[in-house]
Amino acid sequence: MLNIYNSQQFNFLKKHNFSVFTNKSLNKKEKKFLKTLYISCGIIDKNNSEISYKTEDILSILNYDSIARLEKFLNNIISKRVFYRIEEDNKLLQNGSFGIINSYSVYKGKVYFLLSEEILLSFVEKTLFSYLKIDKFIFMEENFSYNLYLYLIPLFYNQKEVNIELDKLKNILNAETSYERFYDFEKYILKKAIEDIVTFSKYNLSYYKMKTGKNINNKVTAIKFILNNKKPGNYFDVKYAANELLNMVKSHITNINEMYELILLYIVKRNYDYVLLNIKYVLANYTDNIEKHLKRALLYDLGNTEKTDKYTLYVEDIAHFKTPFILQMNLWRHLNKVSSEIPDYDDVNRLYYSDFFKKIIKLKDKEEFDFTNDSVRIFIKYNVKEESIIRIYIHKEV
DNA sequence: AATCTGTTTCTCCACCTTGA
DNA sequence: TCAAGGTGGAGAAACAGATT
């Protein structure tokens, strides 16, 4: 059997064909629920892979009015299974099946979930389930997004732009015969697929429409995909984030391994922004002995400077949110939008490394929350009974 | 198990707007 | 004036729940 924890030795993607499918398809509501779980996956750690929500939050997300109805929904989703088949030389090598959600428990006003081990493993590099891209398969809202991801992302291995003829693209996306008008195809298929890939992977993908001539109204014949800039890994990819930060100071450091371990430690112990802020502080204020100053800065948080007025209001959302959880969902949506609207702006993704969202979920009535890093400032005032305020400010230099 | 009934989702299209 | 861009909605299909 293939080693599920480390399939590196199999040169997996070159040697094997694989397919992944479910016994019963997941409907919109189930996908919405899974997306909620996915966001929470960011705050899972090795010792505690349980995800929990207040019962009222989960009821309001799914628009149910009783726990009995919720349990019916959960029992139904638990009955859905993922199947996979791996082929070598066109012969079946291994196949298998696993559930998506292992269990739920209702206890004292909260609902607890355990995801299947296979899904958690799919977030860990070089495991069998990460090669099968199980996380993308489960969490992406549309099945065709998974197909596009599998086809497209490997093509970026040695190039930054990929051109795909419209016919070929429709074939990949299972839409050869439907959506004859390009406008409809773009709206219902292409944009959704891109959105899924940007939301559920570390890749920041965009596209251009290639036309027959220079006129804006010419026929679209192909799509040029562009990989803009990498996000700092997915939620679980702390090592990737540590490497990224290490690269900023690498040239000033003699003991690289020790510094790597130190950065990794502080990302886990504090958060990504904490380390980034202190690295920037040291690089801006010192020219020699960087290593020593950085250790000091990380220990005493010297880079944590006071707020400035260099921020400009970018999003304001004043609305009634029944629970802090719903507020958090909306904030998340705004942040994704900010991230996609501002070119080369991906700092928002780094918030996932901090305990940012945990704090927002715990907001109480009339409580204010003010968060600042060097590219974004987020202000929230939460009101249970009346309208709450979400304000997102962007640093003027971004 | 078969039927019906109301709801959601998917696909396509008529019609309108926009800009070269 | 033309074709792409955009909107809303019709009709079909799929689905879920209730009833027989």
Side-chain angles (χ1 to χ4, degrees), chain A residues 19-38 55 58-83 99-101 104 106 111 113 136-151 163-200 205-226 322 326 329-330 333 336-337 340-341 343:
Chain A
S19 58
V20 182
F21 46 95
T22 48
N23 56 344
K24 288 181 247 170
S25 60
L26 295 155
N27 61 34
K28 279 272 145 71
K29 210 163 214 172
E30 287 162 341
K31 283 288 185 183
K32 189 177 174 186
F33 170 70
L34 287 170
K35 189 170 183 177
T36 309
L37 285 182
Y38 181 78
T55 310
I58 206 80
L59 286 176
S60 115
I61 288 166
L62 295 171
N63 201 14
Y64 289 143
D65 49 13
S66 73
I67 295 184
R69 188 62 195 80
L70 172 68
E71 288 200 39
K72 194 175 179 192
F73 169 85
L74 292 174
N75 289 326
N76 196 35
I77 199 170
I78 280 177
S79 76
K80 299 194 174 180
R81 299 186 66 78
V82 176
F83 293 79
I100 299 169
I101 296 162
Y104 70 88
V106 185
V111 188
F113 298 100
K136 313 291 184 291
F137 180 79
I138 300 285
F139 294 112
M140 282 182 171
E141 273 181 55
E142 309 287 348
N143 284 335
F144 52 73
S145 308
Y146 175 72
N147 292 347
L148 183 65
Y149 182 93
L150 291 181
Y151 180 85
N163 238 321
I164 302 181
E165 294 293 317
L166 200 55
D167 289 348
K168 174 73 184 162
L169 185 63
K170 283 188 150 188
N171 175 266
I172 295 160
L173 289 165
N174 283 336
E176 290 112 315
T177 51
S178 45
Y179 299 113
E180 211 159 302
R181 277 190 356 164
F182 178 78
Y183 175 79
D184 287 330
F185 170 72
E186 185 185 26
K187 184 177 176 186
Y188 295 108
I189 308 281
L190 186 58
K191 280 187 178 168
K192 284 187 175 179
I194 301 271
E195 196 186 322
D196 268 347
I197 292 174
V198 172
T199 306
F200 296 102
L205 191 67
S206 57
Y207 68 94
Y208 282 125
K209 288 171 255 193
M210 308 300 283
K211 305 191 178 193
T212 46
K214 287 194 171 171
N215 195 308
I216 193 168
N217 296 329
N218 283 137
K219 202 173 157 74
V220 176
T221 53
I223 299 294
K224 182 194 270 182
F225 291 95
I226 301 121
K322 266 200 215 156
I326 295 170
M329 293 286 286
N330 278 281
R333 186 168 55 82
N336 266 330
K337 203 148 173 280
S340 67
E341 279 170 0

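Chain letters run A, B, ... following the sequence lines, proteins first and then strands; every chain starts at 1. The analysis underlying the following values was restricted to heavy atoms, covering all of them including side chains, and did not include hydrogens, waters or symmetry mates.
When the P atom of C:dC15 is taken as reference, atom CZ of A:Phe73 falls 16 Å away, rounded to whole Å. The CZ atom of A:Phe185 sits 19 Å away from the C1' atom of B:dC13 (whole-angstrom rounding). Protein atom CG of A:Leu26 is 15 Å distant from nucleotide atom C1' of C:dA14, rounded to whole Å. Atom P of nucleotide B:dT11 and atom CD1 of A:Ile189 are separated by 6 Å, given to the nearest angstrom. What separates OH of A:Tyr183 from C1' of B:dT18 is a distance of 13 Å, to the nearest Å. Atom CZ in A:Phe182 sits roughly 18 Å away from atom P in C:dA3 (whole-Å rounding). As a whole-Å value, the separation of A:Lys31 NZ from B:dC10 P is 12 Å. B:dC12 atom C1' lies 9 Å from atom OH of A:Tyr179, rounded to whole Å.
Among the heavy atoms of the strands lying under 4.0 Å from A:Lys209 are primed sugar atoms or P, OP1, OP2 only; no base atom is included.
Ion pair A:Glu30/A:Lys80 flagged as a salt bridge, since at least one NZ, NE, NH1 or NH2 atom sits closer than 4.0 Å to an Asp/Glu carboxylate oxygen.
The nearest pair of heavy atoms linking A:Phe137 to A:Val82 is CE2-CG1, 4.1 Å.
A side-chain N or O of A:Tyr207 and one of A:Glu186 form a donor-acceptor pair less than 3.5 Å apart.
An OP1 or OP2 oxygen of C:dA14 is reached within less than 4.0 angstrom by no side-chain nitrogen or oxygen of A:Asn27.
Nearest-nucleotide positions on DNA chain B place A:Glu142 closer to the 5' end than the other of A:Asp184 and A:Glu142. For the pair A:Tyr188 and A:Arg181, nearest-nucleotide mapping onto DNA chain C gives the more 5' position to A:Arg181.
The aromatic ring centroids of A:Phe144 and A:Tyr149 lie 6.0 Å or more from each other.
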